[in-house]
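Residue numbers start at 1 and run along the sequence shown. Each ligand, and each atom within it, is numbered from 1 in the order the structure gives.
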Amino acid sequence: MSTPRRKAAGPIKIADSAKVKQQQLERFTENTSNVLSTNQGLQIPDNHNSLKAGVRGPTLLEDFILREKITHFDHERIPERAVHARGSAAHGYFKPYKSMAPYTSAGFLQDPDIETPVFVRFSTVAGSAGSADTVRDVRGFAVKFYTGEGNYDLVGNNIPVFFIQDAIKFPDLIHALKPEPHHGMPQAASAHDTFWDFVSLMPESTHMLMWAMSDRSLPRSLRMMEGFGVHAFRFINTRGDSHFVKFHWKPKLGVHGLAWDEAQKIAGKDADFHRRDLWEAIESGNFPEWELGVQIVDDGQESELGFDILDPTKLIPESQVPVQLIGRMVLNRNPDNFFAETEQVAFHPGHLVPGIDFSNDPLLQGRLFSYTDTQLSRLGGANFHELPINRGVCPMHNFQRDGIHRMAIPKGRVAYEPNTLGNGTEFRVDGATQGFQSHPEQLEPPKIRSRSPSFDDHFSQAMLFWNSQSAVEKDHIVAAFRFELSKVELPEIRQRMVDNLAHVDQKLAARVAAPLGINAPDPKAAAGRLGFRDHRIANKVDEDAALRMAGKGEGSIKTRKVAILVADGLEPATIKRIQHDLVEAGAICKVIGPHLGSVSTASGRQFPVDHTFGNMPSIMFDAVLIPGGALSAKALCGMGEAVHFVLEAYKHCKAICALNEGVQLLGSLGISQGKNPELITTPAAGVLVADARKVVEGQISQEFIAAIALHRHWERSGLDAVPV
Ligand code: HDD
């Protein structure tokens, strides 16, 4: 159905529009002064002693300076988000590649010369605000576009589907996921009875569980994960034509995961691993980038997909509807203040601009209520849109008034409309051609509390995902299911889950069940017990490479961290060229030694050390380089921490390169044959050993860079025997 032709959108048309939000925020920033005062501006000469009746006497109630300071402190905390409490954020900009006018009138998608400021918050879902970054969890990926037509929020996740189909089940899902209510455990983990009890009774969650048990839930970096809008939305063009659209964020650095053992150890050694990684990348000018992609489906053609486009447990395979890349997002500025920006930012899938509208996805529909509602208690009232981070950069005006912490001072006697005492009706926009209009979808529904039978197929896409994974990815999924279910105390829950998995793939279910002390999986038992109808609709594609993690991104080693292991007696010349080449390729090299300061080289010079084996263990790095030097190699072989460093890096499938005598360290671990190889050889996937004197200049560098670019050598064999 068409509506009257609408005006082209009016985005911010200034030369450097990405700066608009920054300039607005700067009006609210404060620099510290060296004169302390009360909140009223009264200068305070003594910030160390309260007012007392005699130096050894009781403190006086009169001490308003003490009272103000303590009272403010007592009220510093606000409720954390019910979900996605743990988050890290950054500022940046978005720029479209071309006009999307044929599909949408959204102003920020019209002109490749216009940059729109964005603020992006990444999060885990289950854990509290102080929980560790590297737990197994879905990651939130919420983007606020400060457009010339109002704020547009794309509030997505790093997984393209969701656990449930209807928002009415969201509180149940989250109650099952969060720490169990009687004892408050476990923190930031789904590996417990209530979660698996719930999901094993909700077969619609199976597809999402496959993703959640894959390495997607263990991102190496927030900069190395995809984002998805999940639901189908609508693009509406100036003629009022509607197309369904699914949003994708594709990271330039590719999609990479941590090893599970590594992720758990990082959670203890550096709970802020992802937050630090994002912060440091931006501070060092390595601005993370994503491309925005869209899958567009003609309104009316959605029935040809083979599943219901409104079902949020389904994705549109990219081999069925290709993703068009339509723009680029760059994050280039860290927040100035964590609380004021990252904590107070308020996202909402209902923050729309003209040209983008909802679909009837019942999960999305429920979200439209929840987000404003939650801000009212989290941010304390109806005026949270006035907080600096939440303000739009376009003019805003209405007659909503008052409320707690109102900051704007509206002038005049008129706070209603229509009126003649103010500016009359001039506040109105011409609804037919301007402003936001809901898509006039034709509806003649009966009022009904039910679910569409087209949502009944819970396993076909879980199977598609499974069939699309590489052998290594499948191994990781099996291992994750085994770990999680091994933490479930009640065997009947473990059994129920593997019975469900048998509907995805019998072999998968059997492999998961094997070490769990339960019976062989029985799909009939699952179907009978749950009474669910297995309404399978054949997938239109058997597998889809886009569902795998490998092979995405530009394939560079930018910002990968390489540890150079040193001890007294090293030969720095052996690594000079390779270190130079790594840095040229964008890697970050750090020298790790037995102590801070420096070690001495074979020729008696000092070689500076950045970190110790203890304070920067191997789990903080992507690759290891061991220089030559007879004395240093011998010393490293005798240091437990150095030996452990390399063993652990090997176990976590990282690229390792040992030069000249450095190879002894690998030999002593049983990692390489250690037979003084003359040229580069690969005793194990991603392990390079070389005689730096005999290799053609730069050859080792190229091999090592290629090995690091692959991220992890998951196919490495014999890992179970490595004792770390
Ligand atoms: Fe949600 C926060 C993403 C379903 C209710 N959600 C929240 C955030 C993200 C998502 C990224 C954190 C935003 C931030 O950084 O501040 N949520 C999703 C996705 C969903 C989804 C991708 C499904 C496709 N959410 C969902 C449902 C409901 C909620 C079905 C309720 C009916 N979500 C909330 C919330 C939160 C939230 C309770 C907590 C804090 C907030 O909103 O601002 O309202």
Side-chain angles (χ1 to χ4, degrees), residues 78-91 118-129 133 137-144 151 153-178 202 204-205 207-208 211-212 216-217 219 222 225-233 246-249 274-275 278 309-315 331 335 338-351 358-380 384-385 387 389-390:
I78 61 171
E80 65 175 32
R81 289 166 174 81
V83 281
H84 298 267
R86 167 87 187 166
S88 305
H91 293 275
V118 297
F119 188 65
V120 182
R121 184 174 181 272
F122 304 103
S123 47
T124 53
V125 179
S128 297
D133 277 340
D137 200 353
V138 179
R139 297 301 187 285
F141 194 128
V143 182
K144 191 180 281 293
N151 291 350
D153 292 354
L154 184 50
V155 195
N157 281 339
N158 74 331
I159 290 180
V161 288
F162 203 64
F163 290 106
I164 48 168
Q165 296 173 322
D166 190 313
I168 201 166
K169 297 308 296 170
F170 190 69
D172 299 285
L173 167 72
I174 301 306
H175 289 171
L177 169 68
K178 282 274 182 176
M202 297 284 292
E204 70 202 50
S205 65
H207 186 196
M208 174 81 163
W211 285 81
R216 301 267 180 168
S217 306
L222 301 170
M225 59 184 204
E226 288 181 298
F228 303 91
V230 182
H231 314 280
F233 291 88
K246 287 232 182 191
F247 292 105
H248 297 243
W249 290 109
H274 284 150
R275 183 175 290 175
L278 180 66
I309 199 170
L310 301 182
D311 176 354
T313 67
K314 305 291 187 297
L315 51 84
L331 299 184
F338 183 86
F339 180 83
E341 298 173 82
T342 308
E343 197 56 22
Q344 293 201 118
V345 66
F347 292 93
H348 183 4
H351 290 165
F358 316 119
S359 68
N360 298 335
D361 175 338
L363 191 71
L364 173 59
Q365 293 286 320
R367 294 180 73 191
L368 300 180
F369 167 72
S370 185
Y371 287 70
T372 311
D373 191 41
T374 202
Q375 313 308 348
L376 295 179
S377 60
R378 191 173 76 80
L379 297 172
F384 60 87
H385 62 282
L387 292 167
I389 192 67
N390 293 326

Find all atoms of ligand 1 within a distance of less than 4.0 Å from any non-hydrogen atom belonging to R121, and give their numbers and elements. 14 (C), 15 (O), 16 (O)

So which heavy atom on A340 is nearest to which on I389, and how close? O-CG2, 3.6 Å

Protein contact to atom 24 (C) of ligand 1 [nearest heavy atom, distance to 0.1 Å]: H231 NE2, 3.4 Å

Who passes side-chain hydrogen bond (donor to acceptor under 3.5 Å, both in side chains) against R367, sequence neighbours left out? H231, Y371

Side chain proximity check, F347 to L154, heavy atoms < 4.5 angstrom: no

Tell me, do H84 and T124 make a side-chain contact under 4.5 Å, heavy atoms counted? no

Quick one: nearest non-hydrogen protein atom to atom 40 (C) of ligand 1, plus distance? R81 CG, 3.5 Å

Tell me: protein heavy atom nearest atom 13 (C) of ligand 1, and distance? F347 CD1, 3.9 Å

Mind checking whether L222 and F141 have side chains closer than 4.5 Å, heavy atoms only? no

Which of the numbered atoms in ligand 1 are below 4.0 angstrom from a heavy atom of L363? 23 (C), 24 (C), 30 (C)

Should the pair F233 and F247 be assigned to parallel (<30°), tilted (30 to 60°) or perpendicular (>60°) ring geometry? tilted

With the side chain counted from C-beta on, respond yes when F162 and L173 share a heavy-atom pair under 4.5 Å apart, and no when they do not. yes

Check if A346 has a non-hydrogen atom at a distance under 4.0 Å from any atom of ligand 1. no

Distances under 2.8 Å only: what protein N/O/S atoms are near atom 1 (Fe) of ligand 1, ordered by chain and residue? Y371 OH

Short version for Q375: what comes under 4.0 Å of ligand 1, heavy atoms counted, is side chain

Quick check: closest heavy atoms across S377 and P79, and the distance to 0.1 Å? O-CG, 3.7 Å

Atom 11 (C) of ligand 1: of G156, P362, G366, the nearest heavy atom sits on G156

Can you report which non-hydrogen protein atom sits closest to atom 41 (C) of ligand 1, along with the distance? T374 CG2, 3.4 Å

Under 4.0 Å, heavy-atom basis, I'd like to know which part of F141 is in contact with ligand 1: side chain, backbone, both or neither. backbone

Among all residues two or more places apart in sequence or in another chain, which pass the ring pair (Phe, Tyr, Trp, His ring centres under 6.0 Å) test with H91? F119

Answer yes or no: is there a side-chain heavy-atom contact under 4.5 Å between H274 and S88? no

D311: what forms a side-chain hydrogen bond (donor to acceptor under 3.5 Å, both in side chains) with it, not counting sequence neighbours? Q165, T313, K314

Tell me the contacting part of V230 for ligand 1: side chain, backbone, both, or neither, using a 4.0 Å heavy-atom threshold, strictly below. side chain

